[in-house]
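The block underneath contains the structure these notes are about, expressed in structure tokens.
Numbering starts at 1 and runs along the sequence shown.
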Amino acid sequence: MVPILSFATALPGFLPSLPNNFAFFLIVLIGGAIVAFVLYILLFYVLRALFRQMENDAALVSLSVSRGPVLVIFILLSLKVAFEQLSGEGILGWLEKGIDGFLILCVTHWISQLFTQVVVYYLKAYARKTEAVWDDVLIPILDRTIPVLAYLLGFSLFLQTLGVDLTGIGLAVGSITVVIGLAVKDILANFFSGLVLLVDTPFQFGDVISANGSLAVIKNIGIRVTKLYMIDTHCEVYVPNSSLGNQDIINLSRPTPHYAYSIKIGVRVDADPVAATKILKEIVLGHPDTLGTLEEKLQFLDKFYVWDEAQPGKLSKKEAGRIRVLAEIDVNKQLQKIEEEVEDLVNKIKSLERGGLDMDELKVVLKEYLDVVNLVGLRVVTERKGKRVRSRLEEQQEPALKTSLIGLMRTWYEAWLKDPDLVAEDRLILPEEWEQKIEVLKTKMNKLYQKMANPGGDETRLDDYAVKFVEWLRENFKESKNAWKEPKVRLDNITGGGMEFTVKYYVDNIKLEHWERGYRVNNEVRREMIRRLRQAYIYNS
């Protein structure tokens with residue numbers, strides 16, 4: 001504004017009919033408008049063109065969100081500087097205070113919009129790439145509370161700018177807060193219980209739990225209550241966090257979304273128990289939605305009844321099951337290969353690390369690890385920024401990616417989407433679930449790569465990091481072998497009336513089909529058992 005004031009002083013004959021300070025007011029107002037216009041063009045047209053070239057759209061979104069607020073701020077600042085040229089008494093003084101107040105409100109709105117539309121958006125994107133549960137809950141809470149707090153603070157500053165004394169209001173609010181605190185102690189208890197649930201993380205969204213004997217799905221953990229979907233009654237129940245925290249909760253989705261079902265079945269007393277056991281096990285293995293040896297599944301799949309018919313535009317259950325099983329076999333083979341490579345890497349590190357690793361030995365270790373990286377479907381990308389060189393792992397390009405673990409995983413869950421029993425929501429749940437796991441896998445591979453490339457003082461612990469990675473792969477990503485989840489057939493009792501068998505088996509991913517998957521599979525397996533045992537003339541009702 002200094003050049004504009006000098007310009008006004010140099011024009012003695014300018015606006016002779018107006019008071020001198022009002023002449024300055026008009027000139028500053030016009031000059032401020034010109035400066036604001038130029039800055040606006042630079043910010044929202046020149047910078048926009050530059051930001052469009054960036055891979056990350058955070059800067060572009062921030063610019064779009066800022067467009068309106070910044071324009072208003074420019075106008076208010078121009079008015080503020082212009083009004084300073086006039087006498088600040090009476091109505092003009094109130095106008096200046098009003099401009100300051102609205103400037104505060106505009107800045108408050110701008111910050112709030114940046115937080116909700118930019119910061120929270122990218123925090124949610126980050127949360128999808130992590131296994132932690134607390135961030136999935138904490139981020140929505142921040143999304144709702146931070147803007148409210150920002151507006152409250154901005155409105156308080158607005159009132160102070162107008163000359164309103166908030167001391168009395170503060171004392172009154174403090175007194176009221178004590179009274180309200182006593183009245184809402186149960187709500188506060190639920191709030192802090194919700195925080196405890198976040199810290200303990202006994203479950204995450206979508207997990208199937210058993211609470212007080214009823215099966216339910218965790219839909220949302222709120223500030224005061226947790227929303228549950230009751231599977232049996234097909235309704236939503238809101239449970240206070242303090243009550244839920246005091247219950248004995250069985251999480252049926254941890255460590256994997258597989259759940260064991262049991263069926264008791266009667267067989268005639270004169271039947272061969274070995275033959276009966278074989279029939280019952282074949283039936284369970286022949287169902288594509290149960291867990292078991294995949295090669296045996298392919299063998300017994302064709303014996304399962306009434307699965308050859310297909311709905312229009314869909315594969316038959318039998319064909320869809322076969323495609324999925326074949327895809328999972330490829331995934332498991334690749335996982336086993338990766339586990340073997342990492343175990344060889346661990347042995348290599350242990351043999352080399354005695355006395356520390358020199359540069360040549362570190363290169364050998366890194367080369368071995370890059371073989372694992374290739375099997376997963378990643379490649380090293382090196383970037384140069386001036387003298388600084390930075391390397392990281394990124395996904396391979398096609399066609400190499402297709403035969404890697406990441407490519408095979410995507411082929412597998414895409415084959416799963418062809419299952420005719422899935423509902424519309426499952427076609428979103430499955431890709432989201434497995435893509436999140438793939439993102440976490442890439443993050444862990446990157447962290448291990450940085451350790452292998454620049455171990456620093458951790459060179460003797462590289463084998464421990466590799467072992468932890470394999471443990472995570474087996475426990476949290478996907479098991480390459482699940483022999484302990486094979487169907488079990490047990491002869492429980494023999495009486496004069498017949499033999500009683502108990503068949504125990506696991507159903508894969510009970511989250512699907514609105515969490516009715518387990519019930520459907522259990523019914524189909526029981527029905528097939530009755531059919532096959534009757535066919536063999538050994539069923540005992």
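Side-chain contact between Pro431 and Leu417: present, with at least one pair of heavy atoms (C-beta onward) separated by less than 4.5 Å. In this structure, the side chains of Ile218 and Ile209 come closer than 4.5 Å at one or more pairs of heavy atoms. Contact of the Ile283 side chain with the Phe304 side chain is registered, since non-hydrogen atoms from C-beta on lie closer than 4.5 Å. Between Lys442 and Leu393, the closest side-chain pair of non-hydrogen atoms is not below 4.5 Å. The closest side-chain heavy-atom distance from Val423 to Asp426 is below 4.5 Å. By the 4.5 Å heavy-atom criterion applied to side chains, Glu513 and Val521 are not counted as neighbours. Residues Gln436 and Glu439 have side chains not in contact (no heavy-atom distance under 4.5 Å, counting atoms from C-beta outward). Considering only heavy atoms from C-beta on, Thr411 stays 4.5 Å or farther from Asp330 through its side chain.
The distance from atom CG of Leu405 to atom NZ of Lys478, rounded to the nearest 0.5 Å, is 10.0 Å. Annotation: the span from Leu441 atom CG to Asn446 atom CG amounts to 10.0 Å, rounded to 0.5 Å. Between the NZ atom in Lys504 and the CD1 atom in Ile263 there is a gap of 13.5 Å [rounded to 0.5 Å].
The list of side-chain hydrogen bond (donor to acceptor under 3.5 Å, both in side chains) pairs with a residue in residues 272-290, not counting sequence neighbours, reads Glu282-Arg532, His287-Glu524, Asp289-Lys317, Asp289-Arg324, Asp289-Arg517, Asp289-Arg520, Thr290-Lys297.
By the neighbour-count criterion of 12 heavy atoms within 6.0 Å, atom CZ of Phe501 is densely surrounded, having more than that number from other residues, nucleotides or ligands.
Using modelled atom types, one finds no donor on one side chain facing an acceptor on the other under 3.5 Å when comparing Gln396 with Ser404. Side-chain contact check for Glu435 and Tyr413: at least one donor-acceptor pair (N or O, by modelled atom type) lies under 3.5 Å.
For an aromatic pair to be called close, the ring centres must be under 6.0 Å apart, and Trp434 with Trp416 fails this.
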